Amino acid sequence: MKQKHLVLLAYTSIILIASYFIYFRNYHIPEDTLWDEIYTISSAYSYINREARVEYHPPLGLAFIALGEVLLQPNSTVETQGLSKAIDVGAIPPGFSFKGVRFFPALLGSLCPLLFFILLYLSVPNIHFAGLFSSLYLFDNALIVQSRGAHLEGMQLFFILMGLSCFVYIVTRGNFSKAAYACLGFLVGLAIIIKVNSAILLILPIAAGAMQYTTGCSRRKAIARISIALAIPAAIVLLAMLKMHLLAAPLQNEQPPGVKRYFNQMTSMNPAAFDRLAKVMPQNDANASHPMSWPVGHKSIQYRWSTDMKNSRFVYFQGNPAAWWVGFCAIVMGIALVIARYVFGLDPHSKKIFFMIQTYVLVYAVYIITLVFVDRALYLTHYMIPLVLSFLVAYLLFCYIFFKEIANKSKAVYCAAAFYVVQLFAVYVFFSPLSYYHELSRRDFNRRAWNNLWELHYDQEP
Amino acid sequence: MTRSRRAHYLAAIVLLTGMFYTMMLWPPAPIPQKINMMLVCNQEPIESMAQQRTWKSWSHDYIDKVDFPVGWELTHYRLGSLGAKTNIFLDLRTIMSSQDGGEYEYTVITDYFSLSEIMISINGKPIGSHKGDLVESRFVAHLAPGDNLLEINYIQTVGLNSLKVFYRPLNSKRTYYVGQDSDRTHFAPAPFARAQQRMSAAIVYPSA
């Protein structure tokens with residue numbers, strides 16, 4: 001037992017140290033905006049300047065970005081008063097440091113690989129394979145790029161992974177207490193008030209309730225538990241944060257009437273506010289891609305580009321193909337397994353693992369299908385939640401298929417998994433110039449464009 | 001499937017993916033910094049020299065259609081960068097098979113603000129050429145039934161690189177890229193002859 005704890009501690013330490021170097025170190029580089037940072041920084045500054053305004057996203061993530069800026073104060077000598085209107089002005093003031101605004105996204109993002117490891121370990125308690133498969137998250141270039149910027153996804157995934165850990169704890173330990181459900185609802189609620197697409201995880205308490213029902217619990221009790229997880233914590237969190245939003249940025253008498261009306265509509269849950277918000281969403285964009293094409297990485301997004309005529313530097317939202325392809329295969333195999341169970345009557349040898357696989361596949365499918373019908377431009381960045389789910393399915397399928405070999409400590413399986421991690425790392429290093437704004441010649445860049453579907457372009461995109 | 005076999009299949013798959021990634025990640029052989037070149041005029045060598053390699057000197061690539069998007073560096077939409085910016089001689093040859101023969105219209109589109117020269121020949125006979133700042137030009141030619149050798153010569157000195165060549169049977173409304181098959185017209189690769197045996201213009205190429 002003591003040795004097991006030591007191994008667990010060793011993996012935790014390795015993952016934390018690696019996360020620091022991969023996700024956190026020099027997170028303020030490049031010293032210029034990436035992708036949507038102009039919007040999130042501008043929104044964060046509306047909190048700092050205590051100005052109420054219409055926001056595209058819920059407040060918690062933006063509040064974290066603002067908190068980092070307030071705590072570290074790296075721009076105390078820079079004129080930032082106009083930043084809350086930076087979307088209109090279209091520029092960040094010269095000398096602006098990103099250390100503050102990217103602090104919490106990078107910090108919480110760098111804790112995600114550890115949470116992912118814990119989640120894997122809770123799902124199937126095999127330390128070595130959980131440690132090896134946490135590389136899927138640790139070495140994914142797309143997750144790294146998104147977590148290092150002042151974006152919402154790093155923080156969102158932090159709470160999503162915590163919520164998933166709670167779900168796995170409920171399912172694997174059979175702990176169907178009110179407190180466990182409340183905790184799950186609370187964590188999902190936190191993820192939702194960072195980015196609304198986290199609402200897909202509301203399937204989790206329903207799935208947990210369904211499992212509880214199959215274990216002999218009464219239908220009424222199961223529904224009551226689901227209701228706790230769905231309604232109370234989410235509502236409390238949502239209302240508390242809305243209140244915090246209004247406290248941080250109170251409505252002034254001189255506030256434009258449109259903003260005031262918007263908040264009045266929001267607080268009264270008037271659908272007109274949501275309709276108006278939907279109208280300002282982008283409908284067409286050169287960077288947009290269809291949700292069905294995301295699993296194959298269509299299409300990468302150029303976040304930053306600069307050139308000295310000979311070489312260019314990039315920050316590209318480009319995933320690690322060694323991880324993404326495994327995730328994609330895992331989802332296909334997961335769907336096949338679910339079909340085999342419900343159409344052909346396959347009897348799963350591990351009901352808990354199968355239950356988790358089918359839940360994640362369901363969440364994945366519902367998420368993608370829902371987005372297909374969303375009437376706005378969508379980007380590969382919206383694939384973060386299903387991507388993490390596909391990694392989870394990959395691990396669970398591995399444990400499901402090779403359960404006997406794992407029990408027998410088959411050397412071939414251990415070596416294969418370890419060699420795969422080496423491949424993941426090598427491909428991560430190969431693509432890392434696109435993640436860390438390193439210099440690349442056109443020739444070297446083209447060596448990284450493995451697939452036309454990714455649409456990697458050396459020149460600046462229009 | 002026995003247990004041990006299953007584990008070994010997994011190991012084999014991971015080994016194969018490892019080979020694939022090794023192949024993709026392996027750095028390419030370094031390009032020699034010096035190249036030997038020869039200037040040829042009217043099939044006769046006029047000068048030999050050695051110089052630092054600053055451009056990709058010679059490349060035979062089979063392309064599926066003549067569609068080079070606008071850019072400083074000559075780039076094919078599928079092959080990617082062809083590694084040349086200025087002083088490019090592009091020699092495109094293809095066998096164009098027309099089932100019935102007849103009149104064909106060729107449309108050439110290049111970029112603005114550059115000095116380019118384009119010549120189109122069919123079976124060795126020039127059917128049209130254009131020098132200077134060319135935007136779009138059309139030529140009409142008669143094609144015999146069966147195989148015809150279509151040659152497109154593009155010379156680029158300064159400015160942007162861009163070239164798109166289309167064809168259209170005159171009795172049809174639809175336009176196709178050269179290289180793109182239509183109902184009664186098909187393309188096949190034509191073997192490259194050594195440049196100095198065919199070309200009367202001075203060209204630069206690396207000596208053997």
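Source: prediction; values computed, not measured. Per chain, numbering begins at 1; letters A, B, ... match sequence-line order. Computation of the quantities below employed the complete heavy-atom set of this structure, encompassing side-chain atoms and omitting hydrogens, waters and symmetry-equivalent molecules.
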First locate atom OH of B:Tyr9, then atom CZ of A:Phe402, and finally report the distance between them rounded to the nearest 0.5 Å. 11.5 Å
At their closest point, which heavy atom of B:Met24 faces which heavy atom of A:Arg447, and how far apart are they? O-NH2, 4.1 Å
Got a sec: does the OH of B:Tyr21 have more than 12 other heavy atoms crowding it under 6.0 Å? yes
Heavy atoms of other groups near A:Phe344 CZ, more than 12 under 6.0 Å: no
Smallest heavy-atom separation, A:Glu405 atom then B:Ala7 atom, equals CG-CB, 3.9 Å
Does any heavy atom of chain A fall under 4.5 Å from the side chain of B:Leu15, the backbone, both, or neither of them? both
Measure A:Tyr420 against the heavy atoms of chain B and call it side chain, backbone, both or neither at under 4.5 Å. both
Where A:Gln423 and B:Thr17 come nearest, the two heavy atoms and their spacing: OE1-OG1, 2.9 Å
Heavy-atom closest pair, residues B:Val14 and A:Ala416: CG1-O, 3.4 Å
Residue A:Ala322 versus chain B: region with a heavy atom under 4.5 Å: both
Locate the shortest heavy-atom distance separating A:Ala412 from B:His8; write the atom from each residue and the value. CB-CD2, 3.9 Å
Going by the angle between their ring planes, with limits at 30° and 60°, are B:Phe20 and A:Trp325 parallel, tilted or perpendicular? tilted
Distance col, row B:Leu25:CG vs A:Trp450:CH2, nearest 0.5 angstrom, shows 5.0 Å
